[in-house]
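Take a look at the structure set out below.
All values derive from a computational prediction rather than experimental measurement. All values below come from the heavy atoms of this structure, side chains included, with hydrogens, waters and symmetry mates left out.
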Amino acid sequence: MVVFELVIALLLAGALLFVWSQRAGVPYPALLAVAGAAAAFIPGAPTVTLDPELALVLFVAPTLLDAAFDASPRDMRDNWISIGALAVLVVAATVAAVAVVAHAMVPALPWAAAVALGAVVAPPDASAATAVLRQLRPPHRLLVILEGESLWNDATALLAYRAAVGVAAGDALSGWNITAAALVAAGGGGLLGWVLARLWLRLPWRRAEIPVAVLAQFLGTFAVWLLADRLGVSAIITVVVYAMTLARGAPSRVGARHRIASYAVWEVAVFVLNVLAFVLIGLQLKAIAGRLDSGLGFFAGVAAAVCVTVIVVRMAWVTAQVAVVRWRARRFRPRPAAASR
């Protein structure tokens, strides 16, 4: 009963904060996380500890599929240079910068662990990025680039993380072996997602009842994530490819009534999951702070330095890229033809 009351209270608070954020022009995911962190220190507030594996499959899988389903492969193809640079070069630079800062502030931290920390914080989460960007409503090209990067940057971070873990567990050769395994995991995830989507589209969904079809969509999403995780491939890349493949084939194989009903249900379900995810993330701060009583201020400073590093690296990249684009525009701009005499 306590869990049920907590869920109802969180959803009510999330709905009220969403309405307020719309009027104030503030991205509601950030507002929900701050509200959850503040509520964690209210006397009598429950201590929340999420199972990481459960949180990934419950919150990330559906919201990631929703974001990838709406992504446009054509727009991504038109902006593949910008998306690829952000997903590979910027993530790699962020991993290196965070590793240097973390090791400098905590000299006892091994370099492999510092690189692993950088790989964890470097890639923006796809579901969080989509929730924030849709609230801010930036220009379409900027939206495509940022959402596209958030969908594909997991591959780079996965390589860095597994290589760092391999070096920490053994030697450099082990790190190279795990890097090769990560490449296989990323490619295998894409192949698995495409195969599962093609199999799903062959099922006779036109003859299924709407409640059964919508329920099967959610169950299929969870099943795809769990299967990818059991096979050792990237679950995030699997779900992204799975969703984008479904988006291209569903209109011709799923009836309009099914699509309209599923879109409405998915919109509400993703909103509920985002509310619960961001508020519960904030509520976990109390348990984390309780384990850091002796050095809470120091570790808070390290966390702040890591956050600033991530932001500064991205700002530096964007500033440099804009400067290069403007220089090329001035350098190679066609000269006006001389006036005829």
Over all heavy atoms of both residues, which pair between [X] and [Y] is shortest? Give the atoms and the distance, please.
X: V57; Y: P62; value: O-CD, 3.6 Å
X: L109; Y: A113; value: CD1-CB, 3.7 Å
X: M76; Y: G148; value: CE-CA, 3.8 Å
X: G118; Y: V98; value: CA-CG1, 3.6 Å
X: V275; Y: G14; value: CG1-CA, 3.6 Å
X: A228; Y: A235; value: CB-CA, 3.8 Å

Between [X] and [Y], is there a shared hydrophobic cluster once you connect ILVMFWY residues whose side-chain heavy atoms come closer than 4.5 Å?
X: V239; Y: M244; result: yes
X: L226; Y: L215; result: no
X: L65; Y: F222; result: yes
X: V265; Y: Y263; result: yes
X: V95; Y: V318; result: no

[atom1]-[atom2] distance between [X] and [Y], expressed to the nearest 0.5 angstrom:
X: L196; Y: T245; atom1: CG; atom2: OG1; answer: 10.0 Å
X: L246; Y: W200; atom1: CG; atom2: CH2; answer: 8.0 Å
X: L273; Y: T63; atom1: CG; atom2: OG1; answer: 7.0 Å
X: T238; Y: L231; atom1: OG1; atom2: CG; answer: 8.5 Å
X: W194; Y: L199; atom1: CH2; atom2: CG; answer: 9.0 Å
X: L86; Y: W317; atom1: CG; atom2: CH2; answer: 7.5 Å

(message) Is it the case that the ring center of W266 lies less than 6.0 angstrom away from the ring center of F69?
(response) no
(message) I'd like to check E149 versus V91 (side-chain heavy atoms, cut-off strictly below 4.5 Å). Are they in contact?
(response) yes
(message) Can you confirm whether F298 sits close enough to V106 that some side-chain heavy atom of one is under 4.5 Å from a side-chain heavy atom of the other?
(response) yes
(request) Give the ring-plane orientation class for F18 versus F271, where under 30° counts as parallel, over 60° as perpendicular and anything between as tilted. (result) perpendicular
(message) Applying salt bridge (Lys or Arg N to Asp or Glu O under 4.0 Å) as the test, list every pair that has at least one member in residues 111-123; sequence neighbours left out.
(response) none
Main-chain N/O of [Y] paired to [X] side chain as donor or acceptor, under 3.5 Å:
X: T319; Y: A316; result: no
X: H103; Y: P110; result: no
X: N79; Y: D75; result: yes
X: T94; Y: A122; result: no
X: D229; Y: W225; result: no

(message) Between S82 and Q321, does the side-chain contact (heavy atoms from CB on, under 4.5 Å) criterion hold? Intermediate values first, please.
(response) CA-CA 9 Å; S82 299; Q321 184 181 28; 3.9 Å; yes
(message) For W80, I'd like to know if atom CH2 has over 12 heavy atoms of other residues, nucleotides or ligands within 6.0 Å.
(response) no
